[in-house]
There are 2 protein chains.
Amino acid sequence: METDGRRGGRVTLATVADALGVSRATVSNAYNHPERLSAALRDRVLGTARELGYSGPHPLAATLSRGRVNALGLVYDDPMSFAFSDPAAVLFLQGVSEVCEHEDLALVLISGGPAGAVARVALVDAVICYCDVPIDGKLAAIVDRGLPFVVVDGPRLPNAGHVGIDDRRGAASAARHLLDLGHTRLGVLAMPLVDDGWEGTVDQDRQDRARYRASRERLIGYREAVEAAGHRWSAVPVEERLPYGRDAGRREAAALLARRPRPTALLAMSDELALGALAAAADAGLSVPGDLSIVGFDDVPAAADAHPALTTVRQPHREKGRRAAELLLRPHATADEHRLPVELVVRASTGPPPRR
Amino acid sequence: METDGRRGGRVTLATVADALGVSRATVSNAYNHPERLSAALRDRVLGTARELGYSGPHPLAATLSRGRVNALGLVYDDPMSFAFSDPAAVLFLQGVSEVCEHEDLALVLISGGPAGAVARVALVDAVICYCDVPIDGKLAAIVDRGLPFVVVDGPRLPNAGHVGIDDRRGAASAARHLLDLGHTRLGVLAMPLVDDGWEGTVDQDRQDRARYRASRERLIGYREAVEAAGHRWSAVPVEERLPYGRDAGRREAAALLARRPRPTALLAMSDELALGALAAAADAGLSVPGDLSIVGFDDVPAAADAHPALTTVRQPHREKGRRAAELLLRPHATADEHRLPVELVVRASTGPPPRR
DNA sequence: GGCACCTACTAAACCGGTTCAAAGGACGGG
DNA sequence: CCCGTCCTTTGAACCGGTTTAGTAGGTGCC
């Protein structure tokens with residue numbers, strides 16, 4: 001028997017094995033299959049390990065043999081830190097982390113270099129792609145590595161699970177709500193549609209080129225409802241500002257409210273944008289919903305707390321996170337596509353248009 | 001030369017090496033030290049790899065040799081999913097993730113089993129302990145493994161970095177603000193102090209036994225200010241409710257407001273609790289700050305958006321996250337203790353006590 | 001007393017790479 | 001023509017374990 005014991009001073013499993021004159025397999029078993037050892041030997045092994053300052057098998061090495069790291073990866077298409085300023089993303093993360101917790105998995109947030117440097121080497125068993133599958137390096141890295149993954153809110157991809165909502169229907173219900181109330185002059189607040197740093201009023205071509213499937217679908221939903229009500233979509237101004245967030249919403253709304261005739265209702269593609277619009281309305285001295293109705297999308301917690309409370313389209317963010325994680329854990333226990341329900345939540349930010 | 005090529009069908013580095021009749025070292029170099037190979041050979045290696053469907057060195061194996069995983073761990077003492085419902089924690093996470101992004105590191109969220117099952121095997125190079133170092137399994141696992149770590153908001157520990165704020169001074173400034181305004185009947189809204197599921201009015205013994213250093217320090221800060229103003233601390237009721245969050249704040253405040261004489265000002269140990277108190281005031285038909293003043297702690301974004309905007313103690317959550325991460329990346333480039341500034345932000349939720 | 005069967009433990013292959021010392025060959029200078 | 005250098009490439013050790021097939025020794029059964 002010529003194991004190596006302590007090489008370079010590090011205390012490894014072999015060190016312990018040598019100290020006891022047993023094989024490395026035995027020490028390994030003491031940790032991983034205690035029942036395979038006699039109680040006496042097991043205690044001796046564990047005792048000696050403690051004395052030697054050995055804190056158990058190196059997880060990396062164990063993992064290499066076993067082939068599983070017990071971790072779920074999450075990639076996001078903006079820098080990961082942006083996710084933390086988007087309440088919807090935070091809820092989604094919460095859902096994912098609930099499952100990870102329950103399953104004793106680590107949750108690995110992957111961002112880093114645009115070339116997917118981190119994604120290429122991240123130690124994970126599977127990946128949730130909370131993004132619209134931009135064909136940038138991150139996803140490519142995941143696919144190349146052959147890791148199982150699920151796409152959330154993006155397009156369906158071969159060999160990948162899918163979780164999403166019916167964005168089109170949700171958007172349509174928001175628009176229909178306003179139209180039913182009698183509004184005829186609408187405006188739309190959009191998130192960044194194309195990654196070119198552009199700001200302004202969006203024409204149809206740009207709408208069609210929107211990078212995110214969710215953005216495109218929501219626009220189509222609005223459009224279908226507007227046209228179904230007999231109005232021209234081209235008469236509905238769509239504003240886009242950078243960066244994504246409340247301030248962008250405020251500026252978009254300001255631009256729309258400066259138009260004459262002024263819109264009487266705004267469709268925001270997210271609650272963050274809608275909350276910005278609320279601020280813009282206050283800036284302009286308009287009362288909501290007296291002078292202006294506003295509908296959001298997402299139903300984040302702040303929507304209900306807003307003044308007035310925001311009418312919005314609810315989607316189950318946490319549930320999306322949970323489903324995505326579960327889809328990866330039990331690939332075949334369930335359909336690999338999940339379309340979660342959306343629901344219009346009417347609160348206090350919408351009402352009939354002003355008398356005139 | 002008798003490498004093994006394709007074993008079990010998996011395409012490994014050896015497969016590629018064999019296909020080309022070169023050594024594994026050469027293939028490895030093609031990926032990790034391209035400059036050491038002639039351009040011709042390098043291209044041949046990479047080309048063959050592509051043909052064979054080899055997507056580059058297995059990160060796990062590479063990592064085992066190198067000893068570095070390029071990932072930072074984060075442990076939290078509640079289930080990780082709770083962190084996502086605490087806006088202060090979310091900001092902290094954002095700070096950490098900014099640094100990770102910049103350094104091309106993955107960020108690993110560690111929760112799972114109370115015994116630290118996940119912490120014991122998580123694949124990380126170092127750990128941020130965003131918690132008060134409860135002596136539960138998670139931290140023990142980290143220490144056993146000999147991983148470098150930094151404690152945030154907790155006690156100073158040997159061989160560990162530290163990031164925090166002056167909780168005591170921050171709390172004292174909040175209390176002093178109210179006392180300066182002329183308030184004499186105060187009440188305190190506390191987060192859960194001891195992990196025993198208890199709810200009610202907290203006596204001094206329980207205050208001293210508070211599990212979290214930050215909780216203890218904030219209480220001491222309040223106390224010092226109160227006593228410095230010549231009042232008795234024992235006359236200030238401290239309420240504790242479960243679980244941590246806005247609803248707990250609402251119920252704590254309701255309890256305090258039911259007292260006779262009624263407190264004219266509330267000190268909330270966090271903004272979440274303060275926002276709950278705002279709701280409780282509305283429930284009770286009290287105007288803020290006319291009938292009741294409220295001071296929070298944290299200055300989360302929602303504090304400024306509240307109605308009325310919340311007076312609170314600002315602490316730099318994101319900066320805490322950044323510092324913690326940087327401390328681990330450059331252990332000696334900087335002092336291993338960081339005490340960040342706090343600052344009272346006076347907004348609209350505080351004013352003089354009602355005339356009578 | 002002989003044989004099948006357990007139990008407890010071990011040897012050796014394996015996981016999939018990285019790295020370092022050294023070897024082979026080309027090249028330039030004297 | 002010989003020698004020292006530089007550039008490529010390689011063999012072999014190493015990272016720190018897990019696992020499988022198999023061996024020694026004891027037990028139960030007839």
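The sequence lines fix the lettering, A, B, ..., with proteins before strands; numbering per chain opens at 1.
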Undergrad: Test side-chain contact (heavy atoms from CB on, under 4.5 Å) on A:Val75 and A:Ser111 and set out the steps.
TA: CA-CA 6 Å; A:Val75 324; A:Ser111 40; over 6 Å; no

Undergrad: If you look at every strand shown and take non-hydrogen atoms under 4.0 Å, does A:Leu37 touch a base, only sugar-phosphate, or nothing?
TA: sugar-phosphate

Undergrad: Side chain of A:Arg10, heavy atoms from C-beta onward: which of C:dG17, C:dT19, D:dG16 has the nearest atom to it?
TA: D:dG16

Undergrad: Under 4.0 Å between any heavy atoms, over every strand shown, what does B:Ala25 touch: base, sugar-phosphate, or nothing? Just pick one.
TA: base

Undergrad: Which residue, B:Arg42 or B:Ala61, contacts DNA chain D at a nucleotide closer to its 5' end, judged by nearest heavy atom?
TA: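 By nearest-heavy-atom nucleotide position, the 5'-most residue is B:Arg42.
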
Undergrad: Measure from the side chain of B:Asn29, starting at C-beta and using heavy atoms only, and say which of C:dT19, D:dT18, C:dT18 lies closest.
TA: C:dT19

Undergrad: Between B:Arg36 and B:Gly56, who's closer to the 5' end of DNA chain C by nearest nucleotide?
TA: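 The answer here is B:Gly56.
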
Undergrad: Taking donor-acceptor contacts at under 3.5 Å, does the side chain of B:Thr12 reach the base of C:dG16?
TA: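 It does not, because no donor-acceptor pair links the side chain of B:Thr12 to the base of C:dG16 below 3.5 Å.
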
Undergrad: For side-chain contact (heavy atoms from CB on, under 4.5 Å), just list the numbers for B:Phe149 and B:Ile128, CA-CA rounded to whole Å, side-chain angles, deciding distance to a tenth of an Å, and then say yes or no.
TA: CA-CA 6 Å; B:Phe149 70 102; B:Ile128 295 173; over 6 Å; no

Undergrad: Students often mix this up, so state it plainly: with edges at 30° and 60°, are the rings of B:Tyr31 and B:Tyr54 parallel, tilted or perpendicular?
TA: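 Rings of B:Tyr31 and B:Tyr54: perpendicular, over 60°.
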
Undergrad: Using the side-chain heavy atoms of A:Ser65, tell me which of these nucleotides is nearest: C:dA11, C:dC15, C:dG17.
TA: C:dC15

Undergrad: Choose from D:dT18, D:dT9, C:dT19 the nucleotide whose nearest atom is closest to any side-chain atom of A:Ser28.
TA: D:dT18

Undergrad: Quick check for you: among C:dT10, D:dT9, D:dG16, whose closest atom lies nearest to any side-chain atom of B:Leu64?
TA: D:dG16

Undergrad: With a non-hydrogen cut-off below 4.0 angstrom, is B:Leu41 in contact with a base, only sugar-phosphate, or nothing?
TA: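 Answer is sugar-phosphate: B:Leu41 comes under 4.0 Å of backbone atoms only.
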
Undergrad: Could you tell me how far apart B:Tyr54 (OH) and C:dG17 (C1') are, to the nearest whole angstrom?
TA: 7 Å

Undergrad: Would you say the side chains of B:Arg323 and B:His338 form a donor-acceptor pair under 3.5 Å?
TA: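 B:His338 and B:Arg323 do have a side-chain donor-acceptor pair below 3.5 Å.
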
Undergrad: Which one, D:dT19, D:dT9, C:dG16, comes nearest to the side chain of B:Thr26?
TA: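 Of D:dT19, D:dT9, C:dG16, D:dT9 is nearest to the side chain of B:Thr26.
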
Undergrad: Could I get the full list of ring pair (Phe, Tyr, Trp, His ring centres under 6.0 Å) partners for A:Tyr130, not counting sequence neighbours?
TA: A:Tyr76, A:Phe92

Undergrad: Would you classify A:Tyr31 as touching base, sugar-phosphate or nothing, given that sugar-phosphate means primed atoms plus P, OP1 and OP2, and contacts are heavy atoms under 4.0 Å?
TA: nothing

